[in-house]
Engineer: 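Following this message is one structure expressed as structure tokens.
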2 protein chains.
Amino acid sequence: ILPTVLVHGGAGHIRDDWVKCVKFGVKGAAQRGYKVLQKTGSVLDAVEQAVRVLEMDIHFNAGYGSVLTVDGDVEMDAAIMAGANLEGGCVTMARDITHPISLARRVMEKTNYRFLAGDGAMSLARNEGFEILPKGALVTKASQKLLQIFKTTNTDTLYNVTPGTVGAVAIDACGNVAAATSTGGLTGKLSGRIGDSPLLGAGTYADNKSGAVSATGHGESIMRYNLSSRVLALVQHKDYAIQQAAEQILKQMTKRFNQTGGLIAIDHRGQLGICFTTECMSWAYQQANELHCGVTVGEDEVEIVNETSE
Amino acid sequence: ILPTVLVHGGAGHIRDDWVKCVKFGVKGAAQRGYKVLQKTGSVLDAVEQAVRVLEMDIHFNAGYGSVLTVDGDVEMDAAIMAGANLEGGCVTMARDITHPISLARRVMEKTNYRFLAGDGAMSLARNEGFEILPKGALVTKASQKLLQIFKTTNTDTLYNVTPGTVGAVAIDACGNVAAATSTGGLTGKLSGRIGDSPLLGAGTYADNKSGAVSATGHGESIMRYNLSSRVLALVQHKDYAIQQAAEQILKQMTKRFNQTGGLIAIDHRGQLGICFTTECMSWAYQQANELHCGVTVGEDEVEIVNETSE
């Protein structure tokens, strides 16, 4: 198995003037994750660090640059999971921290719980020494503009300008997989709305027996369809190739609910799945010294990079 | 297919002096659900109304009688799902209402969201005319005593005295299934801890293609194992009988995580699954004029009841 780190920057439409930045972002995140995997040998470290890169990037709907609730606040969801022991950690209604994905990992590693919301999550963040930013520090001009559009126009317009949820999946040479997803959710959402991203089996799942998935798209549909679980069940029970499983399940979901989405996946054999029923989904992966990237259907740009440069 | 309503009152140990009351409770809930199914023809109504009976009953950890957070408050989780259209609704951190299961249903029917937490959920409750009880109204002497035990002794002791999560599954003559689960969670939990009950695919799931499941037990393990999804995947992809699927998956989970649980299920053919790796799980179902009930392994008391009496 070739060690691989595969990331996505969300399914939907990507603003023409952002395509370059979005590609730069996902490529940098894949490279960062891959370097960490080479260095620490941990797929959990790899997906966490890859997602952290995107949480810092204003062009994605996670961490800094998250979209806003109807009250103008940032409230973030995240989950991380390791396929070797099925350990996972999840947070929702996380506020005023740059890296919800790292808080999800602390839930997993430092508590008896696996899913914490709001004040419970924030109290852990403080105990674990996370920097608590001043209220509003994660709010960007772009996210404020989106909220304004939400409040004054048909919300369908938003689809064309909303940045994307981020996620990562990784595999090491021994077949250990991990998955991570982080998001600000929906522009104009009610405070307390939970999407699919922090739900194991919906937006995020990892099991060494089948593979790892991180999803993006219409959260309510992905939750109802239990998207990640369904994809991995086809791999485990029907011996589907992961790409075939992803395409079948995503198409079924899109048809049934008339809602679109996308996902990235790595199966237990190290095969990759990249699939979306939206117009675009930004993704990138590094495998040995090859860095692949795409945004539109069928696109696959390849660069040769130094495998171990820091 | 014989229309059936099957309920559980939680897996664990049941206090000797509570066994009678617990049996009375689950039997009453199954009967109530069955009557509603006969009357409205809706499996969603059936599971909602069955769970409402148990939420009102002090002998179960749901609604009135819920166990307390470390701060002494009641914070409840619930989910409801229909297998025909994969519609679902979920709430967490619900407070000061008797019937979180009905609030979960309103999330599904009255909002664009499918999972609401805390203030978001409570704001919906107010808008929907739910009676908001005074703070502390759901707290019982028994739950306060449990919290005291939690704070002063080894928490393992709690296992022997904790009331159980509640749930229901139902099927109609056409093969429509539904599932519902409601719980107060863990005694002494941190505010914001989310268990498996409100997570579709973990503690609750329904799909007419495979069946309906409501789980109970160690929430963090059920969440990580995606218990309901795994059981239904064996039915859908491997044509397992539901009882066999439930036993295999629960045993695997118990062995892998060294944590116990239980579940009730109805598959798409109307077969029932009742399974637990704990000492006890209270359950009951009505099918035509037979009312079945049990608490310990192998127990199956049968009564003949009037099929349509109100």
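So you know, we letter chains A, B, ... as the sequences are listed, proteins then strands, and number each from 1. Below, all heavy atoms of this structure are taken into account, side chains as well, without hydrogens, waters or symmetry copies. Owing to the predicted nature of the structure, the values given are computational and were not obtained by experimental measurement.
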Engineer: For B/R193 and A/L116, run side-chain contact (heavy atoms from CB on, under 4.5 Å): C-alpha distance rounded to whole Å, both residues' side-chain angles, the deciding distance at 0.1 Å, then the answer.
Structural biologist: CA-CA 5 Å; B/R193 176 263 185 185; A/L116 286 179; 4.0 Å; yes
Engineer: Count the heavy atoms belonging to other residues, nucleotides or ligands that lie under 6.0 Å from NZ of A/K251, then report whether that count exceeds 12.
Structural biologist: no
Engineer: For each of B/D119, B/T92, B/N85, tally heavy-atom pairs with chain A at distances under 4.5 Å, and name the one with the top tally.
Structural biologist: B/N85
Engineer: Between A/M223, A/R256, A/Q236, which shows the greatest number of heavy-atom pairs under 4.5 Å with chain B?
Structural biologist: A/R256
Engineer: Please classify the contact of A/T111 with chain B as side chain, backbone, both or neither, using a heavy-atom distance under 4.5 Å.
Structural biologist: neither
Engineer: For atom NZ of A/K135, is the number of surrounding heavy atoms from other residues, nucleotides or ligands below 6.0 Å larger than 12?
Structural biologist: no
Engineer: Measuring heavy-atom distances to chain B, does A/M93 have an atom under 4.5 Å in its side chain, in its backbone, in both, or in neither?
Structural biologist: side chain
Engineer: So what's closer than 4.5 Å to chain B heavy atoms on A/Y205: side chain, backbone, both or neither?
Structural biologist: side chain
Engineer: Of the listed residues (B/L232, B/N112, B/L186, B/V107), which shares the most heavy-atom pairs with chain A below a 4.5 Å separation?
Structural biologist: B/N112
Engineer: Against chain B, label A/D207 side chain, backbone, both or neither, depending on which of its atoms sit under 4.5 Å from a heavy atom there.
Structural biologist: side chain
Engineer: Report yes if some heavy atom in the side chain of A/D196 is under 4.5 Å from a heavy atom in the side chain of B/F115; otherwise report no.
Structural biologist: no
Engineer: Select, from A/R114, A/M122, A/K189, the one with the greatest count of heavy-atom pairs under 4.5 Å involving chain B.
Structural biologist: A/R114
Engineer: Keeping the roles fixed (side chain from B/Y113, backbone from A/L190), state whether a donor-acceptor pair exists under 3.5 Å.
Structural biologist: yes
Engineer: Taking B/R224 for the side chain and A/G89 for the main chain, is one N or O donor matched with an acceptor at less than 3.5 Å?
Structural biologist: no
Engineer: Would you check, one step at a time, whether the test side-chain contact (heavy atoms from CB on, under 4.5 Å) holds for B/L234 with A/H237?
Structural biologist: CA-CA 8 Å; B/L234 283 186; A/H237 297 307; 3.5 Å; yes
Engineer: Does B/L86 form a side-chain contact (heavy atoms from CB on, under 4.5 Å) with A/N226? I'd like the steps, not just the answer.
Structural biologist: CA-CA 10 Å; B/L86 303 182; A/N226 221 226; over 6 Å; no
Engineer: What residue in A/V91, A/L124, A/L200 has the most heavy-atom pairs under 4.5 Å with chain B?
Structural biologist: A/L200
Engineer: With respect to chain A, which residue among B/A117, B/G88, B/G120 yields the maximal number of heavy-atom pairs within a distance under 4.5 Å?
Structural biologist: B/A117
Engineer: For A/D71, I'd like to know if atom CG has over 12 heavy atoms of other residues, nucleotides or ligands within 6.0 Å.
Structural biologist: yes
